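Each chain gets a letter, A, B and so on, in the order its sequence line appears, and its residues count up from 1. Just so you know, these numbers come straight off a predicted model, no measurement behind them.
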Protein chains: 2
Amino acid sequence: MTAKIDDLFHEECPKVSRVLSRLGDKWSVLIVVLLRDRAYRFNEIKRTVSGISQQMLTRTLRNLERDGLVSRKTYPTSPPQVEYSLTDLGHSLSEPVLALGEWAKTHLGEIDAAQTRFDRRAEK
Amino acid sequence: MTAKIDDLFHEECPKVSRVLSRLGDKWSVLIVVLLRDRAYRFNEIKRTVSGISQQMLTRTLRNLERDGLVSRKTYPTSPPQVEYSLTDLGHSLSEPVLALGEWAKTHLGEIDAAQTRFDRRAEK
DNA sequence: CGGTATCCATTCTGATACTG
DNA sequence: CAGTATCAGAATGGATACCG
């Protein structure tokens, strides 16, 4: 009983937390979900994920690549061409991430409503 | 085809992103998963989630309460007693979150290995 | 016990300019 | 096209002290 809690919170949880922190940044999840369909080129991602700066896209892709979730392939053409796609690990991650995305889409209204209620009460 | 992408990335995604960012902070997810079992008191959570400061716990709980994911009940006893529990919305969220947690637990080793490989190559 | 207030270090994010 | 470099501002995290 307590052992379960201990296991979860003193051994697993710092690690799990680390993974979730990475996904919690502003763009990682969006890119993982986008790349589910097919490989994308750098500027193609930039155009699709509106609002992301070139720098943030570079940084996010580097992190995902470092984590082994995304693979980067360069084609020595002119102009240079770079393609990003999900690795197997990335694909397996995209499943639970998509589920979470679905939840968010479904329940966003309730969250907004709750926030409004909360803020209204706090104001007084 | 393109419509699907557009829908996802120009309407849904900023909103979904907002929800996921909230969960991406260092403690929210851990507390949501903890509270799945039962209600917890303030210092009980603090003891269980080792490493969290009193302030961060307060802040995180306020945010979760504001989002309608956690409810706060005070008992006017002496000493004062405050109990936190998941709302229905919080419970429904905990499902996909737990799935993601399972994924993280399973694949953390692969991520660590990928990082080591990546860093080793970058060093040279 | 369960907070709030203050303050500081670190990290994250993004705009701008430049490069092979 | 696909980046890197630099720099500033915002957000986040946490330590400490104090309060009802």
Which nucleotide sits closest to the side chain of [X]: [options]?
X       : options                : value
B:Pro80 : C:dG14, D:dG20, D:dG13 : D:dG20
B:Gln81 : C:dG2, D:dC1, D:dG3    : C:dG2
B:Asn43 : D:dG3, C:dG2, D:dG14   : C:dG2

How many Å lie between [atom1] on [X] and [atom2] on [N], as a whole number?
X       : N      : atom1 : atom2 : result
B:Leu57 : D:dA15 : CG    : P     : 14 Å
B:Leu61 : D:dG13 : CG    : C1'   : 16 Å
B:Ile52 : C:dG2  : CD1   : P     : 14 Å
B:Arg47 : C:dC1  : CZ    : P     : 7 Å
A:Lys46 : C:dG14 : NZ    : P     : 12 Å
A:Tyr40 : D:dC1  : OH    : C1'   : 18 Å
B:Met56 : C:dA9  : CE    : C1'   : 14 Å

Using a 4.0 Å heavy-atom cut-off, does A:Tyr75 contact any base of the nucleic acid, only the sugar-phosphate backbone, or nothing at all?
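Touches nothing.
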
On DNA chain C, compare the nucleotides closest to B:Gln55 and B:Arg41; which residue's is nearer the 5' end?
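Here B:Arg41 is the residue nearer the 5' end.
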
Item to complete: Taking atom CG of B:Asp88 as the centre, report whether more than 12 heavy atoms of other residues, nucleotides or ligands fall under 6.0 Å from it.
Response: no

### Query
Closest nucleotide of DNA chain D for A:Arg59 versus for A:Val82: which of these residues is on the 5' side?
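Here A:Val82 is the residue nearer the 5' end.
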
With respect to the phosphate group of [N], does any side-chain polar atom (N or O) of [X] fall under 4.0 Å of OP1 or OP2?
X       : N      : answer
A:Arg62 : D:dG3  : yes
B:Arg72 : C:dG3  : yes
A:Tyr84 : D:dG3  : yes
B:Lys26 : D:dG14 : yes

Quiz item: Is there a donor and acceptor pair, one atom on the side chain of B:Gln54 and one on the base of C:dG3, closer than 3.5 Å?
Solution: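 Answer is yes: a donor-acceptor pair is held.
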
Testing the 3.5 Å rule here: is there a donor-acceptor pair between the side chains of B:Thr60 and B:Asn63?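 Checked: B:Thr60/B:Asn63 side chains show no N/O donor-acceptor pair below 3.5 Å.
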
Would you check if the side chain of A:Ser92 reaches a backbone N or O of A:Leu89 as a donor-acceptor pair within less than 3.5 Å?
-> yes

ask   = Would you say B:Thr87's side chain and B:Gly90's backbone share a donor-acceptor pair under 3.5 angstrom?
value =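 It does hold such a pair.
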
Smallest heavy-atom separation, B:Ile111 atom then A:Val19 atom, equals CD1-CG2, 4.2 Å

